[in-house]
Number of protein chains: 2
Amino acid sequence: MTTTTNARVLEHPTRDQIRLEEVLHALADSVRLRIVRDMARESTELSCSYFDLPVTKSTTTHHFRVLRESGVIQQMYRGTAKLNCLRRSDLDALFPGLLDSVLAAADAQDGRVGETG
Amino acid sequence: MTTTTNARVLEHPTRDQIRLEEVLHALADSVRLRIVRDMARESTELSCSYFDLPVTKSTTTHHFRVLRESGVIQQMYRGTAKLNCLRRSDLDALFPGLLDSVLAAADAQDGRVGETG
DNA sequence: GTCCTCGTACGATAACCATCGTAGTACGGC
DNA sequence: GCCGTACTACGATGGTTATCGTACGAGGAC
């Protein structure tokens, strides 16, 4: 079935459906936290292949889906690529300060662990 | 072996050993988030049995251990009871604003979901 | 000493999850 | 139409976790 229907519709939770526990769970994985940090740093739409992750592509797909379904990121297709961006306004509206403090904490922890130099 | 050694010593991570991912994971469970919120509200040492949780005692023990080993709470024995308190100063020093934003987010979500009526 | 309460340890179990490999679909270039 | 790139779907797998029940230990009350 070479369906030409653009079935490439990605399910996202609405703002009201975003749950704190799921967001925390999404951020509690080091691979996903790294994705989120990269996205916050670039602050533009990035394709999945932009990220150089220490896992295979299928695992990458899995992590992006967890992030999307928890409401942390938004994904959209553009040609063969899939663009990702943080749902900053939604997260900031629901959980003021949460994302920023997580990002700052991750940066601070990198400094503590001392992988940067 | 009825060892009378006070082996009732509880392992806690030092401040430097606390890892953001583990803290987020600890907070990403609804039972544990509830415990943390109750502790933050009372802001005093509470025994495990203070909390009216929808799980059995052994599961409660498990959740308290996860919270302790991730560095979120401190536990100490006093007689037959075990007292718990948040490691606020450690968490605030490592992850400024994180705990407060999580607590505020949990309160806001309660308001949204409207279970308080 | 005898009980009671509080919490732990251990084993079991079922669910979840991070990971992979392979096979497949969607889209753009030629 | 054909191929390559980007990503997905599916099945498998091994590890972690949330849950329970039962049996046990530690300390206080009597």
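All figures in this text were calculated on a predicted structure; none of them were measured in a lab. Per chain, numbering begins at 1; letters A, B, ... match sequence-line order.
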Length of the [atom1]-[atom2] vector between [X] and [N], whole Å:
X	N	atom1	atom2	answer
B:Tyr77	C:dC6	OH	P	15 Å
B:Glu69	D:dT16	CD	P	13 Å
B:Arg32	D:dT16	CZ	P	15 Å
B:Leu24	C:dC17	CG	C1'	17 Å
A:His62	D:dG15	NE2	C1'	13 Å
A:Asp29	C:dA18	CG	P	5 Å
B:Arg65	D:dT19	CZ	P	14 Å
A:Lys57	D:dA6	NZ	C1'	6 Å

Problem set entry | A:Cys85 vs A:Thr44 side-chain heavy atoms within contact, under 4.5 Å |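 A side-chain contact under 4.5 Å is absent here.
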Exercise. Looking at side-chain heavy atoms only, is the closest gap between A:Arg87 and A:His12 below 4.5 Å?
Worked result: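 Yes. Closest side-chain heavy atoms under 4.5 Å.
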For this session: Specify the residue among A:Pro54 and A:Gly79 whose closest nucleotide of DNA chain C lies further upstream toward the 5′ end.
Result: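 Looking at DNA chain C, the more 5' nearest nucleotide goes with A:Pro54.
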Exercise. Which sits closer to the 5' end of DNA chain C, A:His25 or A:Thr60, going by the nucleotide each is nearest to?
Worked result: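 Nearest-nucleotide comparison on DNA chain C picks A:His25.
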Among [options], which nucleotide has an atom closest to any side-chain atom of [X]?
X	options	result
B:Thr56	D:dC20, D:dC7, C:dT19	D:dC20
A:Val55	C:dC20, D:dG27, D:dA6	C:dC20
A:Thr80	C:dA26, C:dT5, C:dG7	C:dA26
B:Ala81	C:dG7, C:dT19, D:dC7	C:dG7
A:Ser47	D:dA18, D:dC7, C:dT19	D:dC7

For this session: Kindly say if B:Ser58 contacts the phosphate of D:dT19, meaning a side-chain N or O under 4.0 Å from OP1 or OP2.
Result: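 So the side chain of B:Ser58 is outside the cut-off, no N or O lying under 4.0 Å from OP1 or OP2 of D:dT19.
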Problem set entry | Phosphate OP1/OP2 of D:dT19: any B:His63 side-chain N/O under 4.0 Å |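 Yes, because at least one side-chain N or O of B:His63 sits under 4.0 Å from OP1 or OP2 of D:dT19.
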Exercise. Is a side-chain donor or acceptor of A:Arg32 paired with a backbone partner of A:Ala26 at a separation under 3.5 angstrom?
Worked result: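 At least one qualifying donor-acceptor pair exists.
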Exercise. Is there a donor-acceptor pair closer than 3.5 Å between any side-chain N or O of B:Glu22 and the backbone N or O of B:Arg19?
Worked result: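 The answer is no, because no donor-acceptor pair under 3.5 Å joins these two groups.
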For this session: Indicate, with a heavy-atom threshold strictly under 4.0 Å, whether B:Ser49 touches base, sugar-phosphate, or nothing.
Result: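 Here B:Ser49 touches the backbone only, sparing every base.
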Exercise. Just checking B:Thr59: base, sugar-phosphate only, or nothing, at a heavy-atom cut-off of under 4.0 Å?
Worked result: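 Base contact.
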Exercise. Considering residues, nucleotides and ligands other than A:Glu11, do more than 12 of their heavy atoms fall under 6.0 Å from its CD?
Worked result: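 Not more than 12 within 6.0 Å, no.
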